[in-house]
Every structure is written in C-alpha cells, then in structure tokens.
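Taking it in order: structure first as structure tokens, then the write-up.
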Amino acid sequence: MLELTQIRKVFNGGLHNEFTALTGISLTIQPGLVTVLKGASGSGKTTLLSLIGCMDRPTSGRITLAGHQLPGLPEASAGGVELTGLPERFLTEVRRRTFGFIFQQFHLLKGISVQENIMLPAYPMGEAHPVLLARAQQLLETFNLTRQATAKVEWLSGGEAQRVAIARALMNEPPVIIADEPTAHLDSHLSREFMAIIARLKAEGKTAIIASHDPLVYEAAGVDRVITMRDGRVEEDRTVEP
Amino acid sequence: MGKGLQRQRHILDFSLAALLRRKGKNLSLLLVYTVVVFSLASVMFFTQALKREAAQLLSGAPEMVVQKTLAGRHELIPAAYLEKIRTIMGVASVRGRLWGYYYDPVFGANYTLLVPEAGEPEPGRVTIGQGVARARKLVLGDLLTLRGADGGQRLFEIKQLLPAESELVSADLILISAADFTTLFGQPVGSFTDLALTVRNPSELATIAAKIVAALPDTRPLSRDDMARTYEAVFDWRGGILIFILAASLLAFAIFAWEKASGLSGEERREIGILKAIGWETSDVILLKFWEGLVVSLSAFLLGIILAYLHVFFTGAPLLAPALKGWSVLYPDFRLTPFIDPAQLFTLFFLSVVPYTVATIVPAWRAATVDPAAVMRS
C-alpha cells in the first residue's frame, strides 16, 4: 500500500521561474488494483508518478510504502517505510525492487537486442546469468516476443516495442507497475491490447498506476480507480464499480 | 560467483555491447590510440635495448683508460708514461693502445681503425666490420684501399669480417696491425693513442686515478663506469629527442581522445538517463563507463606494446633505426636482444590507460547524477 500525505512539489524553488507542480496531494493507493491518473497536459500526473516511483522527492509531504518486503531496509514498521526520508542508495534499491516503469516513448536502448533490453534492469542486481536468462525468456514467451529475442529494438513495430517495454518493466518482478502515457504513441487496437495486458497483470496480483488522458485507458475494463487532476491538485477521485 | 562479481560481469557484458554499437567512433579511437602507444613503446624498447647492448659490450672494456691531454685535448701518449704507471701500486697491467679515425671521402663515412690486443692481423691484412664491408661491397680476400698521412695509397687484404652480433659498436671498425697503423697515420714510434689499465682491486679505481694524475698531471684517467655513463647519456639523449618530437603527436592524441571520451553525445546522455530510470545507480553507470574506457585503452595499450615489440625486436625497428642507432653513415645492422623494463612499461600504462579511463568516467558521472525523473519528463 502506498500512502501519500500532503505532497507538494515545487520546481526551481526560489528562482524567478519557480513553478508549483503539485500541491496538497493526499492519497492512498491500494495494492492489487489499477489506478489511473487522468488529466490534461501540465496537470501534474507525470510529476506525481515520478514521486510515487521514487525517481524524485517531494518538496514537502510524506510517501509511505507498506506491505512489501524490502531487502536491506530497516524492518518495516506497522505504518510502513517512509520513502521520502530514505538516502539515495536505499531509494534506488526500493525503486528497482518495487516499481517497474513503462515510459511514454518506451525508452528502449537502440543497437542492442530485445532480450538484452529486457534484462537491463536486472544487471546491477548481480543475479546469476542463467537465472536472468530464464526469466527474460519467460517474459519473451509471455509477451509473444520469442521470435524477436535477438532482433534489435529499432526493427520492431510499435506494438512489439510496447510489449518489450512492459516485459522490461517486469524483469525485476516488481509488485507495482508505473506507466506514463503508455498509449500516447499507439493506435486504438494496440491501446486496447495494452490495457488487456494490464488487466492480466492485475489478475496476477500486480498493482498498476497509470497516468493518461486517453479514454481508452481510463474507461477500460479492469480500471479500479480514476483520479482526475488539474493544476497540480486532485479534482476528482472516483472508484469504478466493477 | 558472488553477487558483486555477477554485477561486474553483467555490466562488462553490456559495456562491450555498448562499444560495438558505436563501432566507427570506437575503432577510429582504438586505431589512433594504438599508433601513439606503438610509437612511444617502440622508442622506449629500442633505447632500452641499445643501452643494454652497449653495457654488455662495455663489460669487456678495460677497467680504466688513461689519455694524455694538451690544452684540454686528447693527444698521443709517450711509451715512457706506460712504464711510470706500471710502477703505481694497485695497477695490475698497462697496455698501450693504438686507434684512430679515418675519413672516407668517397662514402662520406668515418671508420674506426684499431690495433687489437689479441689476434693482431699480419701487416698488409685487415679485419673489417660489417658496416664497412656493406658500404664498400667488400668480401673476404678483397683489397681495401686507404690513403696514408703522406698521401700515398695503401692496399690491405681483407682477412676476416667481424661477427654481426657485435655490430652495434663494430660496424665501422677496421682492425689493423701496429706497424701498418703507425705507417698509415705517420704516428711517431714509441707513442700510443691511450693506455688501458687493469687494477688489482676495482674499489681502488678512484685512488689509482688520483695517483696517476698526481704523477702525470697532463693525463686524464677514464673509468669503465664513466664510459658506460657516456653511452647511456647518448642513447637517453637520442631517445629523449624522439620522445620530444612524438610529444606533438601525443598532444594531438590527447586532445582527440579527450574530445571523444569526455564529450557525451545526446544519445549517450539519453541512455544514461534511461538506465537511471530503470533502476541503475550512479555507481552502476560509472562502472559501465569505466569498463568502456578500460576496454578501449587497455586494448590499445596491449596492441601498441605487442606491435612495438615486433617492430623493434623482430623487424629491427625500420621506423626508428636512422634516428636512434649508429654513429655515422654506416648504420649497424643487427637484431636486438628482446628486453623490457617493467618500470617503463608501468609508466607507459599509467600515462595512457589511466588518463583515458578517467576522461570517460568524469562526464558519465556528471550525466549519471541527473535526476532519473528527467527521463519521465522528456
């Protein structure tokens, strides 16, 4: 469970171009559900996602993670581990074990194979190569990419690249998937396919947090909660009835 | 295999894949880098091997040589000096030596004429070095013509050629009999070019030298160590001059390498951002760039060293020979004994591999400390 309390994020603080991206955000994100952050460009969705995903720290407020086993971290108290106060080293550790990221542009590394792209997040973890390989091959199979395993990512179609990005996000077996505008560069068919994969992952017990202003995403079956944002604040928080 | 080692292995694997992705850039860098290491290592190996060769040859030289000087210049030493020195305590033996230089205007070369201690040729016959034989196209039994001090031409039969192994110092040598030497140069009988001494106790060389100077103030004793130092200085000077010339290319390379290594392209910056965003730590990115830098610089270093070794010890250093060996126009033709000084190799390693590796790490470190959230916003 992720709990956000009075989150505020200011960019360029104290400068003439100071900009408040988020203010007064308090949310509780339940595990095993699909939550969509909806809102226009500049509403603060991506900033909120990067704070939840430990890529950035809030200017003020607290983010607490509970219910996940985090090796190397102090024993989680009943209230969970407060991520905002963790040193950089631990924050990276939390990020790579807890969250899998899917970016708007997919951000795959050109010039290397599909399989290598999928394995990349696991390299610094120091697991044995055969273990990594087995896990990558399992993901390739799951996402119907076995034939493209040795192909370079620049040769892939949009749909294939999207599946590689999802497989990479799952490489470290994270409990939470974070996706930022994942359907921005996809046609309707591929967008629906993406949401079908998310529904499958939810069924497997994963938590998904998606930022999107695409109706194909926030109106998709399997979405449990839609949080509408505007000007860095939560405008509406709606639970979707099954 | 431990987790730490596995991490190193994965990141090294990935750095090799990353290097292959930028083949053009990295291969051109490797080529220039190899050429620089090759040039420096060639000069280093060659100078070192020459010094060693000279030192080995000098080990057979007399312990001390005594010359007579006049107004600070070397002149002939009378036989009477020999007798006087023989009586000095500690001197084991004294022998008068006859040697000099002969300028051959046809070939523009200087020959060294020497009356050997043992195996003196019979009058009318000579033994010559390989360089003289090559220059004048002489074989055994041919006649060598030398012009005497009186202007008359004298003919000498080639009795023997000096072995190629000693060519570094014997290329321009002509061994001649004492009688022919004095006649050819018109040298007064009862005088020598200098005197060669052996002593009973080598640790007393300095004391004996002082006694000689006290007894014969117009003489100059030279120990074998003095001569060895002179050789060393000459080869060091030649090597130094070449290194200085190479410094220009080294500087050009440094600028080239710095620009290539330190200038991260937009694509590389983007990749570092992605790696950070998918869970790599700053230290992982630095490790990646460290391996990349080390692979390029170590490959160039090893390649350069191996090529330099082959160049110097197997092909006779055709690129350096004219500048580094020989005393005159008669270039000695010989194969050097392979010898590598670990200290020099270590210095070269530190001057080539370390700066490049650091140059690749610093900008990567700067790029890797960026906020991974920047990737989300891009």
Side-chain angles (χ1 to χ4, degrees), chain A residues 9 11 21 45-51 53-57 88-113 116-132 152 165 168-169 171-172 174 178-181 211, chain B residues 1-27 264-292 364-365 367-378:
Chain A
K9 179 67 184 175
F11 291 105
K45 307 186 298 288
T46 300
T47 306
L48 186 58
L49 270 192
S50 59
L51 294 181
C54 300
M55 284 195 177
D56 207 351
R57 290 173 196 271
E88 180 66 35
R89 194 162 57 89
F90 288 116
L91 212 58
T92 308
E93 188 66 23
V94 170
R95 191 165 77 232
R96 58 186 173 203
R97 287 188 187 276
T98 314
F99 303 103
F101 295 90
I102 301 164
F103 306 101
Q104 187 175 347
Q105 315 267 8
F106 304 136
H107 285 324
L108 300 174
L109 291 197
K110 288 180 192 159
I112 58 171
S113 71
E116 272 182 292
N117 261 285
I118 292 174
M119 285 163 73
L120 263 182
Y123 283 163
M125 315 276 276
E127 283 179 279
H129 196 254
V131 175
L132 295 190
K152 292 197 168 123
R168 185 181 66 181
M171 183 63 197
N172 286 341
I178 288 180
D180 183 31
E181 300 284 4
Chain B
M1 214 188 283
K3 283 201 166 190
L5 220 55
Q6 285 286 3
R7 170 177 171 256
Q8 297 279 347
R9 189 199 143 175
H10 294 323
I11 295 179
L12 174 61
D13 275 354
F14 180 60
S15 67
L16 291 176
L19 283 173
L20 284 175
R21 280 184 303 153
R22 290 180 274 275
K23 259 192 225 118
K25 172 187 163 178
N26 290 313
L27 279 179
L264 283 180
S265 64
E267 182 66 19
E268 283 174 286
R269 274 176 206 285
R270 190 182 146 265
E271 282 180 13
I272 289 174
I274 293 172
L275 291 174
K276 286 277 304 220
I278 61 170
W280 284 43
E281 273 185 68
T282 304
S283 65
D284 299 324
V285 175
I286 290 173
L287 187 64
L288 169 73
K289 290 293 162 185
F290 164 77
W291 279 124
E292 276 187 33
W365 169 71
T369 47
V370 297
D371 203 345
V375 175
M376 287 281 264
R377 292 194 290 269
S378 72

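The sequence lines fix the lettering, A, B, ..., with proteins before strands; numbering per chain opens at 1. Here the structure is a predicted model, which means the values were calculated and not measured.
Both the backbone and the side chain of B/Arg7 come within contact range of chain A, with heavy atoms under 4.5 Å apart. At a 4.5 Å heavy-atom cutoff, the contact between A/Leu132 and chain B is made by side-chain atoms alone. In this structure, the portion of A/Met125 lying under 4.5 Å from any heavy atom of chain B is its backbone and not its side chain. Interface remark: B/Leu275 contributes side-chain atoms only to the contact with chain A (heavy atom separation under 4.5 Å).
The heavy-atom pair separating A/Glu116 from B/Ala17 by the smallest distance is OE2-CB, 3.6 Å. B/Lys276 and A/Arg95 make their closest contact through O-NH2, 2.5 Å (heavy atoms, listed as atom of the first residue, atom of the second, distance).
The existence of a salt bridge linking A/Arg96 and B/Glu281 is confirmed by a sub-4.0 Å separation between a basic side-chain nitrogen and an acidic carboxylate oxygen.
A distance of 7.0 Å separates CE in A/Met119 from NE2 in B/His10, rounded to the nearest 0.5 Å.
Taking the six-membered ring for Trp and thresholds of 30 and 60 degrees, A/Tyr123 and B/Trp280 have ring planes more than 60 degrees apart, a perpendicular arrangement.
Looking at A/Arg168, its side chain never comes within 3.5 Å of a backbone N or O of B/Ile278 through a donor-acceptor pair. A donor-acceptor pair is defined here as one N or O able to donate and one able to accept, closer than 3.5 Å; no such pair exists between the side chain of A/His107 and the backbone of B/Ala277.
Among A/Ile112, A/Leu51, A/Asn172, A/Leu108, the residue with the largest count of heavy-atom pairs under 4.5 Å with chain B is A/Ile112. Chosen from A/Ala128, A/Ala169, A/Pro124, A/Pro121, the residue pairing most often with chain B at heavy-atom distances under 4.5 Å is A/Pro124.
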Given side chain to side chain contact (heavy atoms under 4.5 Å, CB included), test A/Glu127 with B/Gln6 step by step and report yes or no.
-> CA-CA 6 Å; A/Glu127 283 179 279; B/Gln6 285 286 3; over 6 Å; no
